[in-house]
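This report refers to the structure that appears directly beneath it.
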Amino acid sequence: MKSAKQSSPVWVTGTGLVSCVGITPSKLWESALSDKSGIQNGLGRVTEDSLSKIQSLTSHLWSGAPPNKALLMPTYALDQALKASDGPDHLCADDGLIIATTTGQITVWDQALIRYLRKEIPGAEFEKAFEQQPLGSLLDGLARLFAFSGSSLLVTSACSAATQAIALGCQWVRMGKVKRCFVGGTEILCDLTIEGFKCLQLLSEQPASPFDAGRSGINLSEGAGFLCLSASPGERPLARLLGSGMSSDGYHMTAPHPDGLGSLRAMRAALEMANLTPGEISWVHAHGTGSKHNDAAESKAIEQLFGESMPWVSSTKWVHGHALGASGAIESILCIQALNESTILRTGGLVNPDSDIKLRHPMRHLQAKRGELEHILKNTLGFGGVNASLVISKA
Amino acid sequence: MDLALIACGTAHVGNLGPYKDQPEFRKATINMMLAAASLDEAFAQVPMLQGCEYVSSAALVLGSSYGELGTTISFLEQLSQSGMARPLLFQNSLHNSTLGFLTMRLKLLGPAMTVSNSLVTGENCLELAATLLNDKNVPYCVVTAVDSIVTELRLEDAHTIGSTGEGAATVVVTTREQAELRKWPVLAYLERIEYHQASDQASKAADGPNAYHSDAIEKLIAHLRSGVRADTLTLRKPNGSHTIVHLEHNA
């Protein structure tokens with residue numbers, strides 16, 4: 001049921017990203033369209049070639065030694081989003097900056113910790129590396145590189161963090177707290193998450209196959225993505241953000257509620273804010289990690305919400321993997337590319353749909369006719385039972 | 001901001017005795033226990049919020065600068081020594097793990113998020129609560145900040161890195177409008193927070209005996225409990241920066 005009042009749209013006017021399949025949104029799009037997976041041995045690493053390129057492309061921002069990889073990736077993505085957006089190509093005092101991450105700059109200090117505990121390095125050397133442990137050091141690093149002193153925030157709500165960051169950025173813009181808000185996420189592959197997910201038996205050594213009967217787990221990946229949000233469309237708006245919804249499962253530390261009740265609430269809240277009915281959603285870009293539990297729970301939530309008006313539902317994690325704290329940002333950027341190309345992407349790796357999952361899977365990429373792809377619902381479900389959904393719409 | 005503060009609670013390691021024996025806390029970390037204890041003290045002041053329909057749509061903001069660092073270190077250390085990764089340690093190692101524990105304990109189903117921003121973590125939590133309360137469907141927001149000392153990080157010269165203080169603090173906040181509508185008692189109104197960076201000439205301020213990165217909320221509570229009616233609270237940080245919290249005390 002529609003309410004009378006719709007929240008004002010927030011415009012996306014620029015994006016930037018680095019992922020395991022390239023260093024631009026168009027590269028990510030090309031990979032998705034050509035079914036090219038960036039997953040190798042079950043993981044999606046940003047290539048050395050990509051790192052070399054982004055280091056070169058951001059050299060104007062730093063002097064001396066380049067930032068470590070965990071800081072370099074979001075630095076590049078933010079710089080690209082700035083350059084792509086309307087307005088100044090640097091952060092201004094009335095801009096906002098919200099970044100999401102799960103482990104921050106952990107690779108700067110995790111090996112140093114082990115070496116210190118083994119007495120291979122002195123405490124002073126470890127202490128120096130450990131200065132980057134607080135997640136806020138990532139935000140401090142970005143603020144220093146971009147000479148930024150405006151409103152900022154770091155969200156670390158696991159796999160829903162970047163989606164939450166985008167939702168908060170929209171709020172800041174609507175509230176008039178900031179003129180533009182740069183929102184995004186970053187994640188680096190590390191022993192903590194790789195071995196952690198492995199011991200929970202959640203990893204797949206093959207590219208993930210979300211919603212497939214034979215799905216065997218997720219592919220962790222790394223990368224960073226940023227979006228520029230603004231109250232005005234500017235000259236070249238990329239998309240509109242009409243609504244967002246956030247909820248908690250209150251159920252389990254790592255597993256989602258089996259009936260997806262929390263995700264259902266988040267999706268409903270997003271639609272309510274966007275003043276849209278389920279029937280107006282053309283495509284659900286699912287969290288769809290390829291894990292048994294996530295895909296089952298999320299699909300139940302989607303079935304319950306849409307019923308007879310089931311839209312296309314797919315996940316693109318076969319292409320780019322699951323970048324944890326950055327996934328909401330990277331995948332939202334992919335959704336924006338899809339809107340502008342009027343194309344609904346299929347779920348890569350889906351060969352034999354799970355018969356217990358009653359979704360409408362596009363088994364090939366679909367070119368939408370004019371007016372057919374207007375609104376996408378983007379989902380994320382995170383550890384701790386944190387759910388977030390966005391309505392991303394054509395500009 | 002214009003947040004109405006309706007309840008508050010704090011906790012330190014000395015308060016945790018009753019929690020350690022409870023089955024619910026058998027697998028809990030120090031952060032989880034501290035946060036839960038501060039939350040319990042706060043909710044004891046607002047019995048009308050307990051077990052009512054509001055909790056399902058209330059919001060929760062959890063702030064921690066160092067997060068579940070102790071558990072992370074244990075995970076990495078054990079992995080390094082034995083090649084084995086322990087699922088429980090991993091489950092409890094993320095900053096967000098504390099949040100997950102609290103939402104389960106509260107049976108909270110509304111928006112919940114974890115934030116971390118070093119010395120201004122507490123302040124950011126309060127501002128985030130104001131953002132979340134813009135949604136009229138959110139009746140109140142629980143704001144908790146916690147950090148703890150990790151004794152494994154005592155270096156060879158006996159000084160400890162990471163957090164050198166520990167504790168947790170919780171405030172329950174709502175909008176002025178909601179407080180008036182529901183006739184909830186208000187301790188004070190939070191109007192805004194100013195951030196001031198360190199100047200080149202600023203000397204490092206003393207931390208205080210138990211200062212921790214996210215202790216802004218605990219200091220706010222201490223100020224309210226002190227009976228001092230000053231309408232600004234200046235929070236000096238060890239790096240020379242400071243924040244100013246502007247309040248309106250309730251009569």
Side-chain angles (χ1 to χ4, degrees), chain A residues 102-104 106 110 113-114 116-118 122-124 126-127 130 133-137 139-140 149 151-158 160-161 164 168 171-172 174-175 177 191-192 195-200 245-254 261-262 265 269 273 382-386 388, chain B residues 56 59-60 64-67 69 72-73 75-77 79-80 84-87 89-101 103-121 124 127-128 131-132 134-135 137 152-153 155-157 159 161-162 195 197 213:
Chain A
T102 303
T103 56
I106 189 172
D110 59 353
L113 167 72
I114 299 305
Y116 170 68
L117 291 173
R118 289 178 182 162
F126 167 55
E127 186 170 13
F130 189 76
Q133 188 278 340
L135 296 183
S137 65
L139 199 47
D140 288 343
S149 58
S151 298
S152 63
L153 188 67
L154 187 146
V155 183
T156 182
S157 316
S160 285
Q164 290 184 332
L168 291 174
Q171 294 266 57
W172 282 14
R174 288 195 187 102
M175 288 160 64
K177 182 180 167 88
D191 285 347
L192 176 68
E195 298 301 327
F197 274 85
K198 199 184 285 183
C199 75
L200 290 177
M246 295 184 276
S247 72
S248 309
D249 284 355
Y251 174 75
H252 191 271
M253 296 290 286
T254 53
L261 296 182
R265 277 193 300 277
M273 187 186 288
F383 271 15
V386 182
Chain B
S56 64
L60 171 63
S64 181
S65 179
Y66 290 97
L69 177 57
T72 301
I73 288 176
F75 178 92
L76 292 172
E77 195 175 11
L79 179 67
S80 165
M84 282 181 51
R86 284 186 52 200
L89 287 180
F90 176 62
Q91 176 178 289
N92 283 352
S93 68
L94 304 179
H95 279 61
N96 199 54
S97 303
T98 319
L99 184 91
F101 181 83
T103 60
M104 288 166 62
R105 189 152 190 273
L106 284 172
K107 297 184 177 36
L108 188 142
L109 307 178
M113 54 186 62
T114 305
V115 300
S116 183
N117 196 2
S118 300
L119 293 164
V120 293
T121 297
N124 278 185
E127 290 187 314
L128 179 52
T131 301
L132 293 177
N134 255 289
D135 180 353
N137 294 319
E152 290 90 327
L153 293 179
L155 301 188
E156 59 262 4
D157 60 1
H159 84 273
I161 60 174
Y195 295 82
Q197 294 187 325
H213 276 191

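Just so we're clear, the structure is a prediction, and the values are computed from it rather than from any experiment. Every chain is numbered from 1, with letters handed out A, B, ... down the list of sequences.
- Between Ser248(A) and Ala112(B), the shortest heavy-atom contact is OG-CB, 3.1 Å.
- Taking both residues in full, the closest heavy atoms of Ala85(B) and Glu195(A) are given as CB-O, 3.7 Å, listed atom of the first, atom of the second, then distance.
- Ring-plane geometry between Phe383(A) and Phe90(B) is classed as perpendicular, the angle between the planes exceeding 60 degrees on a 0 to 90 degree scale with a lower cut at 30.
- Contact of Leu135(A) with chain B is made through backbone and side chain together, with heavy-atom distances under 4.5 Å.
- Most heavy-atom pairs under 4.5 Å with chain A, from the set Asp135(B), Leu132(B), Val115(B): that is Val115(B).
- For Leu119(B), no part lies near chain A; criterion is any non-hydrogen pair under 4.5 Å.
- Looking at Arg86(B), only its backbone comes within 4.5 Å of chain A, counting heavy atoms on both sides.
- The distance from the CG atom of Leu108(B) to the CG atom of Asp249(A) is 11.5 Å, given to the nearest 0.5 Å.
- The CG atom of Leu153(A) sits 5.0 Å away from the CG atom of Asn124(B) when rounded to the nearest 0.5 Å.
- The distance from atom CD of Glu152(B) to atom CG of Leu113(A), rounded to the nearest 0.5 Å, is 9.5 Å.
- Here Gly196(A) is the residue among Pro122(A), Gly384(A), Gly196(A), Gly385(A) with the most heavy-atom pairs under 4.5 Å with chain B.
- Not counting sequence neighbours, the partners of Thr114(B) by the side chain to side chain contact (heavy atoms under 4.5 Å, CB included) test are Thr156(A), Ser157(A), Leu62(B), His95(B), Asn96(B), Leu99(B).
- The contact between Phe101(B) and chain A is made by backbone and side chain atoms together, counting heavy-atom distances below 4.5 Å.
- Closest approach of Gln197(B) and Ser149(A) over heavy atoms only: NE2-CB, 4.0 Å.
- For Leu154(A), the parts lying under 4.5 angstrom from a heavy atom of chain B are both the backbone and the side chain.
- Here OG of Ser118(B) is found 9.0 Å from CD of Gln133(A). Values are rounded to the nearest 0.5 Å.
- Contact of Lys198(A) with chain B is not made at all, since no heavy-atom distance falls under 4.5 Å.
- In terms of heavy-atom pairs under 4.5 angstrom with chain B, the leader among Ala161(A), Ser247(A), Ser152(A) is Ser247(A).
- Contact of Val386(A) with chain B is made through the side chain alone, with heavy-atom distances under 4.5 Å.
- Side-chain contact between Leu192(A) and Ser93(B) is present, with heavy atoms from C-beta onward closer than 4.5 Å.
- By the side chain to side chain contact (heavy atoms under 4.5 Å, CB included) test, Arg174(A) is found to be paired with Ser7(A), Ser8(A), Val10(A), Cys170(A), Met273(A), residues two or more places apart in sequence or in another chain being considered.
- Top candidate by heavy-atom pairs under 4.5 Å with chain B, chosen from Ser137(A), Cys199(A), Ala158(A), Gly123(A), is Cys199(A).
- Glu127(B) places none of its side-chain heavy atoms less than 4.5 Å from the side chain of Ser151(A).
- For Met253(A), the parts lying under 4.5 angstrom from a heavy atom of chain B are both the backbone and the side chain.
- One distance of note links CE of Met113(B) with CD of Gln164(A); it measures 3.5 Å at 0.5 Å rounding.
- Contact annotation for Leu106(B): neither backbone nor side-chain heavy atoms come within less than 4.5 Å of a heavy atom of chain A.
- The contact between Tyr116(A) and chain B is made entirely by side chain atoms (from C-beta outward), counting heavy-atom distances below 4.5 Å.
- For Leu79(B), the part lying under 4.5 angstrom from a heavy atom of chain A is the side chain only.
- Nearest heavy-atom pair across Pro134(A) and Tyr66(B) is CG-CE2, 3.6 Å.
- From Leu109(B), atom CG reaches atom CG of Leu261(A) across 9.0 Å, with rounding to the nearest 0.5 Å.
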